[in-house]
Amino acid sequence: MNKIQMVDLHSQYAKIKTDIDNGIQEILDSAIFIKGPKVSQFQKNLEQYLGVKHVIPVGNGTDALLVALMSLGLKPGDEVITPTFTFIATAEVVALLGLTPVVVDVDPNTFCMSVDAVRKAITAKTKAIVPVHLFGQNADMEAIIGLAKEHNLYVVEDACQSIGSAYTFSDGRCVKSGCMGNVGCTSFFPSKNLGCYGDGGAIFTNDDNLAATMRAVANHGMEIRYHHDRVGVNSRLDSIQAAVLDVKLKKLDEYNKARQQAAAYYNQAFASCEKITIPVQASNTTHVFHQYTLKLHGVDRAALQKYLSDKGIPSMIYYPIPLHMQKAYTDPRYKAGDFPVAEMLCQSVLSLPMHTELDEEQLAFITKHVLAFINQ
Ligand SMILES: *Cc1c(COP(=O)(O)O)cnc(C)c1O
């Protein structure tokens, strides 16, 4: 049996080695490492795949969120609503820009932001909502966009974990993740569903004006060369990463399907175990399983992780601490107990190996040992 890893990029590379190596060689031969034709080619192919007007490649997913928020004309003190159960980047950029992060609790089933909590958190200072499509399924976007319209707020989707998934609105429109709000942000970090071999990210929008602003902000605030109309940053995708991504984009649907098949195997194996809640999929969204995350009930999670680790099975806790309990984000507005769902999830979730190369032998081995520990 192949070694079990949380993410197996090595086996994935082995299958696409020729195309990847040729793509990288082409860049080496051209010596155009920044803003070359490969970056525009990938950008166009991604626009087409997503069905979105503008893709703006940037340096990483955190920069995507940063550039998006820098481009909305927000002022210090403006409030931005984000879930407390997520990766830190979401709130980090809000804090870096002097905006006020307002955190809300999540739905216990989907792990995405609770729409009721968002509604209650809206004040006169609220300017934007940043839903995170956590673990690969979309937040309740119809309700979130409805609230945003009602209160004249921006919606900036954090689609770093959900690229390739889709959401169906009640009028039948099916829209790809990251393309529903005013702006969508994604990451091409190697372990993401569409990952490159270094850092990378992108911003999506259908708004022409916003696209122009975001392109300028990502390029030192410059639209005409050496004319800087606003303060910007330097954030770009390099040509070698674009070459890797252009190969992997063609495989994205196949890769997401492989993740869904692995998830289906896990789901079936754990379905009748009372101490495990398998991932709950909302009816209006597909799930591309960036992570396969269980909720455990009455199980010593640390002991289970140790037991699995001794068998050569890695597992991870995404995420152990909610935003409002992180040292850098302590705030007199919040205390332990304020967001009970997120706090409960931090104590009870466990993510199992999830990637495109899991085979049945590995899945059988993982599920057998999880159940052996839990049923002992
Ligand atoms: C990975 C990730 C990011 C940040 O992406 P980087 O490319 O690592 O900067 C932001 N938000 C979420 C939810 C993520 O999973």
Side-chain angles (χ1 to χ4, degrees), residues 6-7 9 42 46 55-70 80-97 101 103-104 106-107 110-113 128-139 141 144 155-165 177-178 180-181 183-204 214 218 233-238 241-242 244-245 248 256 259 285 287-293 316-323 326 328-329 342 345-346 349 351 354-355:
M6 282 305 284
V7 179
L9 294 173
F42 168 65
L46 187 55
V55 164
I56 299 146
V58 292
N60 56 64
T62 309
D63 277 3
L65 289 161
L66 180 72
V67 171
L69 287 174
M70 282 176 79
V80 177
I81 300 177
T82 186
T84 187
F85 185 64
T86 178
F87 180 59
I88 199 72
T90 327
E92 186 173 56
V93 296
V94 174
L96 274 174
L97 293 174
V103 298
V104 295
V106 294
D107 180 276
T110 64
F111 307 150
C112 291
M113 75 192 332
I129 307 173
V130 185
V132 182
H133 304 312
L134 203 71
F135 303 151
Q137 86 173 316
N138 293 284
M141 289 305 286
I144 291 168
V155 176
V156 177
E157 294 171 69
D158 182 337
C160 289
Q161 301 188 356
S162 58
I163 194 160
S165 68
S177 191
M180 296 172 269
V183 190
C185 300
T186 206
S187 164
F188 304 128
F189 184 79
S191 64
K192 298 287 157 92
N193 290 39
L194 178 60
C196 59
Y197 294 167
D199 270 313
I203 313 173
F204 318 141
M214 293 192 294
V233 294
N234 168 26
S235 188
R236 51 204 173 201
L237 184 73
D238 69 69
Q241 301 310 334
V244 170
L245 288 166
K248 291 181 71 174
N256 281 339
R259 289 172 178 274
T285 171
H287 197 323
V288 291
F289 293 96
H290 176 62
Q291 299 297 345
Y292 181 84
T293 303
M316 293 289 285
I317 297 165
Y318 300 116
Y319 295 91
I321 306 171
L323 285 185
Q326 296 286 356
Y329 293 84
L345 291 176
C346 290
V349 288
S351 297
M354 175 48 77
H355 54 78

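Both ligands and their constituent atoms are indexed starting at 1 by order of listing.
Side-chain atoms of Glu157 come within 3.5 Å of backbone N or O of Gly178 as a donor-acceptor pair.
Residue Val132 has at least one heavy-atom neighbour below 4.0 Å for each of these atoms of ligand 1: 13 (C). Annotation for ligand 1: atoms under 4.0 Å from non-hydrogen atoms of Gly61 are 5 (O), 6 (P), 7 (O), 9 (O). Contact atoms of ligand 1 toward Asn60: 7 (O), 9 (O) (distance under 4.0 Å to a heavy atom of the residue). Under a 4.0 Å criterion applied to the non-hydrogen atoms of Ala89, ligand 1 contributes the atoms 10 (C). Atoms of ligand 1 found under 4.0 Å from any heavy atom of Ser187 (numbered from 1 in listed order, with element): 5 (O), 6 (P), 7 (O).
Ligand 1 lies out of reach of His133, whose nearest heavy atom is not under 4.0 Å from it.
Nearest protein neighbour of atom 15 (O) of ligand 1, counting heavy atoms only, is Gln161 NE2, 2.8 Å. Distance from atom 2 (C) of ligand 1 to its nearest protein heavy atom, with residue and atom name: Lys192 NZ, 2.6 Å. Nearest protein heavy-atom contact of atom 11 (N) of ligand 1 is Asp158 OD2, 2.8 Å. For atom 4 (C) of ligand 1, the closest non-hydrogen atom of the protein is Thr62 OG1, 3.5 Å.
A ring-centre distance under 6.0 Å is not found for Tyr197 and Phe189.
Rounding to the nearest 0.5 Å gives a distance of 10.0 Å between OG of Ser177 and CG of Asn193. Ile203 contributes atom CD1, which lies 5.5 Å from atom SG of Cys185 (distance to the nearest 0.5 angstrom). Note that the CZ atom of Phe87 and the CG atom of Leu134 stand 11.5 Å from one another [nearest 0.5 Å].
Checked against a 3.5 angstrom limit, the closest N/O atoms of Asp199 and ligand 1 fall outside it.
Between the side chains of Thr90 and Thr82, no donor-acceptor pair of N or O atoms lies under 3.5 Å. Looking at His133 and Gln161, their side chains never bring a donor and an acceptor atom within 3.5 Å of each other.
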Phe111 vs Phe135, ring-ring contact (aromatic ring centres under 6.0 Å, His included): CA-CA, chis, key distance, verdict: CA-CA 8 Å; Phe111 307 150; Phe135 303 151; 5.5 Å; yes

